> 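What follows is a structure written as structure tokens; I'll ask about it next.
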Amino acid sequence: QVQLVESGGGLVQAGGSLRLSCAASGQTISSRIVGWFRQAPGKEREFVAAISWSGSVTAYADSVKGRFTISRLNAKNTVYLQMNSLKPEDTAVYYCAASLWAGSQVVGPTTPYGYWGQGTQVTVSS
């Protein structure tokens with residue numbers, strides 16, 4: 001089993017930055033694709049970004065391209081989401097997810113994610 005814990009959320013003014021962390025325990029995520037998703041009140045959960053096990057392949061939602069950067073440090077079993085130039089519409093609960101199987105090839109919203117964290121709240125004030 002893989003347990004995921006997100007941290008780093010908070011309240012920030014528009015234009016500010018936050019860095020989210022997704023720390024894994026139980027099993028390593030070094031061979032798994034990891035993604036970030038978000039869900040705003042009254043809206044469906046949406047894909048934000050994903051990263052391959054090696055970090056060489058990344059994918060982003062159009063709404064965050066150029067502002068968010070996903071990265072990972074496998075030695076620490078942790079994935080990060082650096083969020084810059086935040087906008088009020090980025091307000092949501094952010095979740096990280098790890099692929100169900102090690103060695104998955106598809107990096108993005110259709111990756112078969114099987115493990116999810118509890119989420120961390122990000123609130124961007126205007």
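Everything numeric here is computed off the predicted structure, so don't read it as measured data.
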> Just so I know, are the side chains of Ile70 and Val79 near enough to count as touching, which here means a heavy-atom distance under 4.5 Å?
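Side-chain contact under 4.5 Å: yes.
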
> Please examine the side chains of Gln82 and Ser17, heavy atoms only from C-beta on, and report whether any two atoms are closer than 4.5 Å.
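Counting from C-beta outward, Ser17 and Gln82 do come under 4.5 Å.
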
> Quickly, which of Ile51, Val57, Val34, Thr58 forms a side-chain contact (heavy atoms from CB on, under 4.5 Å) with Val107? Name it, please.
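For Val107, the side-chain contact (heavy atoms from CB on, under 4.5 Å) test succeeds with only one of Ile51, Val57, Val34, Thr58, which is Val57.
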
> Check for a donor-acceptor pair, side chain of Arg38 on one end and backbone N or O of Ala92 on the other, with a separation under 3.5 Å.
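A pair under 3.5 Å: no.
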
> Mind checking whether Phe47 and Tyr60 have ring centres under 6.0 Å apart?
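Ring centres of Tyr60 and Phe47 not closer than 6.0 Å.
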
> Once you round to the nearest 0.5 Å, how far does OG1 of Thr69 lie from CG of Asn84?
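Answer rounded to 0.5 Å: 6.5 Å.
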
> Taking Trp101's backbone N and O only, do any of them form a donor-acceptor pair with Ser99's side chain (distance below 3.5 Å, no angle check)?
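Yes, because the side chain of Ser99 sits within donor-acceptor range (under 3.5 Å) of the backbone of Trp101.
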
> Side chains of Arg19 and Tyr80: do they bring a donor and an acceptor to under 3.5 Å?
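Side-chain D/A pair, Arg19 to Tyr80: absent.
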
> Has Glu6 got a side-chain atom pairing as donor or acceptor with Gln118's backbone, closer than 3.5 angstrom?
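Present.
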
> State, with a plain yes or no, whether a side-chain heavy atom of Arg72 is found less than 4.5 Å away from one of Thr78.
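Arg72 vs Thr78: side chains apart.
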
> Can you check whether Pro109's main-chain N or O pairs, donor with acceptor, with Thr111's side chain at less than 3.5 Å?
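Judged by distance alone, no pair lies under 3.5 Å.
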
> Once you measure the plane-to-plane angle for Tyr94 and Phe68, does it fall in the parallel (<30°), tilted (30-60°) or perpendicular (>60°) bin?
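Tilted.
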
> Mind checking whether Ile33 and Leu20 sit in one hydrophobic cluster, side chains of I, L, V, M, F, W, Y counted as touching below 4.5 Å?
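In one cluster: no.
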
> Is the backbone of Ile29 close enough, under 3.5 Å, to the side chain of Asn77 for a donor and an acceptor to pair up by distance?
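Looks like yes, one N/O pair under 3.5 Å.
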
> Taking the side chain as C-beta and beyond, is there a heavy-atom pair between Arg32 and Gln27 under 4.5 Å?
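Counting from C-beta outward, Arg32 and Gln27 do come under 4.5 Å.
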
> State, without any angle test, whether Gln121 and Thr123 hold a side-chain donor-acceptor pair at a distance under 3.5 Å.
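Distance-only check passes for Gln121 and Thr123.
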
> Compare all side-chain heavy atoms of Tyr115 with those of Leu100 and state whether any distance is below 4.5 angstrom.
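In short, these two side chains touch, coming nearer than 4.5 Å.
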
> So Trp116 and Tyr95, would you call those rings parallel, tilted or perpendicular, with 30° and 60° as cut-offs?
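Perpendicular.
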
> Is Asp90 salt-bridged to Lys87, cutoff N-O under 4.0 Å?
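Salt bridge flag = no for Lys87 with Asp90.
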
